[in-house]
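Down below is the structure, laid out as structure tokens.
Predicted, not measured: the structure shown is a model, and the values here were computed from it. Heavy-atom basis, side chains included; hydrogens, waters and symmetry copies ignored. Residue numbers count from 1 along this sequence.
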Amino acid sequence: MSTNTMHIVAVTTSLSEDSTTLKLTDRVLASAALAGESVGIDVTTDVISIRSLATALTDMTLTGFRSEALESAFATIAAADAIVTVAPVYKAAPVGLHTLFWQLVDDRALSRKPVLIASTGGTARHSLAGDAVLRPMLSYLKGIVVPTTVFAATDDWGTVEGGRALTARIRQAGEELVSLTATIIGAGNDDFAEVADPDSHAGAGANATRGTSSVHRGIVDEFDPANVTPFAQLLEG
């Protein structure tokens, strides 16, 4: 039976009240909501703050006892249609408090749930940290991790070029999350051809002969040489 609603839950480990991790969480959820709206899906969202569960997670690790707050968080995960996981990166890995949450959640909590991995860090050197650590863990929990991960470095917030690239990654990942989730739960009109790239109209005539779905869907091809950042430039930090 088709439905026109979708519930996405973000699990975020912001270590302060106003951090780039929280900002990235908000932008990813907003992008997913916009992608859903474009195909007739009403996307609702919830945010689980791991910062507020720090003591409860430690107690459960040492005693095996789940607090009411943890039970509620785990139940929220189980009821979600899709998950967004966002964490800061320290010393080449997502902060341990974040991974501890996923280590303590029920083994099949993410069964058949699409998951989007996002993370923040100081430089692009950490851009693969989320993939390297979280993708295997989330796959073990039976989650279906979307291909595109979102990493936001300091420069992505402070420069025009970085901001544009970050926006493109967020949009692509959000579309992937909503598209996959809609397929699984039978939501929307299943027509992501209507999700248009705002920048694509200017070059529509030149690109008309390509006939590729990525152009019409507004998804940036990360393997297009024009969109690949040279490795030497990444090392400059």
In this structure, would [X] and [Y] fall into the same cluster of hydrophobic residues linked by side-chain contacts under 4.5 Å?
{"X": "L15", "Y": "V47", "answer": "no"}
{"X": "V43", "Y": "V146", "answer": "yes"}
{"X": "L141", "Y": "L104", "answer": "yes"}
{"X": "I117", "Y": "Y140", "answer": "yes"}
{"X": "I83", "Y": "L22", "answer": "no"}

So ring-ring contact (aromatic ring centres under 6.0 Å, His included) across residues 39-78, not counting sequence neighbours, yields F74-F101
Item to check | Pairs satisfying ring-ring contact (aromatic ring centres under 6.0 Å, His included), at least one member in residues 5-29, at least two apart | outcome: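 Qualifying pairs, neighbours excluded: none.
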Please round to the nearest 0.5 Å and tell me the distance separating atom [atom1] of [X] and atom [atom2] of [Y].
{"X": "L70", "Y": "E68", "atom1": "CG", "atom2": "CD", "result": "11.0 Å"}
{"X": "E161", "Y": "D156", "atom1": "CD", "atom2": "CG", "result": "10.0 Å"}
{"X": "Q103", "Y": "M60", "atom1": "CD", "atom2": "CE", "result": "11.0 Å"}
{"X": "L180", "Y": "E175", "atom1": "CG", "atom2": "CD", "result": "13.5 Å"}
{"X": "I185", "Y": "N4", "atom1": "CD1", "atom2": "CG", "result": "9.5 Å"}
{"X": "S52", "Y": "L57", "atom1": "OG", "atom2": "CG", "result": "9.0 Å"}

If I compare all heavy atoms of [X] with all of [Y], which pair ends up nearest, and what's the gap?
{"X": "A129", "Y": "P94", "answer": "O-CD, 3.9 Å"}
{"X": "M6", "Y": "A182", "answer": "CE-N, 3.7 Å"}
{"X": "V178", "Y": "A32", "answer": "CG2-O, 3.3 Å"}
{"X": "I184", "Y": "P114", "answer": "CD1-CG, 3.7 Å"}
{"X": "H98", "Y": "A87", "answer": "CG-CB, 3.4 Å"}
{"X": "D81", "Y": "T5", "answer": "OD2-O, 4.4 Å"}

By side chain to side chain contact (heavy atoms under 4.5 Å, CB included), A173 pairs with (sequence neighbours left out) L116, T148, V150
How is the hydrophobic cluster of F151 composed, in terms of its other members, when Ile, Leu, Val, Met, Phe, Trp and Tyr link through side-chain heavy atoms under 4.5 Å apart, directly or indirectly?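 V89, listed by chain and number.
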Practice task
Any salt bridge (Lys or Arg N to Asp or Glu O under 4.0 Å) involving residues 97-119? Give me the pairs, sequence neighbours left out, ordered by first then second residue.
Solution key: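 Output for this query lists R66-D106.
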Can you find a pair of side-chain heavy atoms, one from [X] and one from [Y], that are under 4.5 Å apart?
{"X": "I77", "Y": "W102", "value": "yes"}
{"X": "L177", "Y": "V28", "value": "no"}
{"X": "L110", "Y": "V105", "value": "no"}

[Y] backbone acceptor or donor facing [X] side chain under 3.5 Å:
{"X": "T99", "Y": "G96", "result": "yes"}
{"X": "T25", "Y": "T21", "result": "yes"}
{"X": "D26", "Y": "K23", "result": "no"}

**Item:** Residues V84, T12; criterion side chain to side chain contact (heavy atoms under 4.5 Å, CB included); working and verdict
**Value:** CA-CA 8 Å; V84 174; T12 181; over 6 Å; no
Report the C-alpha distance between I48 and L53 in whole Å, list the side-chain angles of each, state the deciding distance to 0.1 Å, and finish with yes or no for side chain to side chain contact (heavy atoms under 4.5 Å, CB included).
CA-CA 9 Å; I48 296 175; L53 298 173; 3.9 Å; yes
* To do: Just do the side-chain hydrogen bond (donor to acceptor under 3.5 Å, both in side chains) check on T167 and R27 with the steps written out, would you?
  => CA-CA 9 Å; T167 297; R27 288 190 60 181; 2.7 Å; yes
- Query: Under 6.0 Å from the CD atom of E37, do we count more than 12 heavy atoms belonging to anything else shown?
  - Reply: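 Atom CD in E37 is not crowded, with 12 or fewer foreign heavy atoms closer than 6.0 Å.
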The side-chain hydrogen bond (donor to acceptor under 3.5 Å, both in side chains) partners of T58 (sequence neighbours excluded) come to none
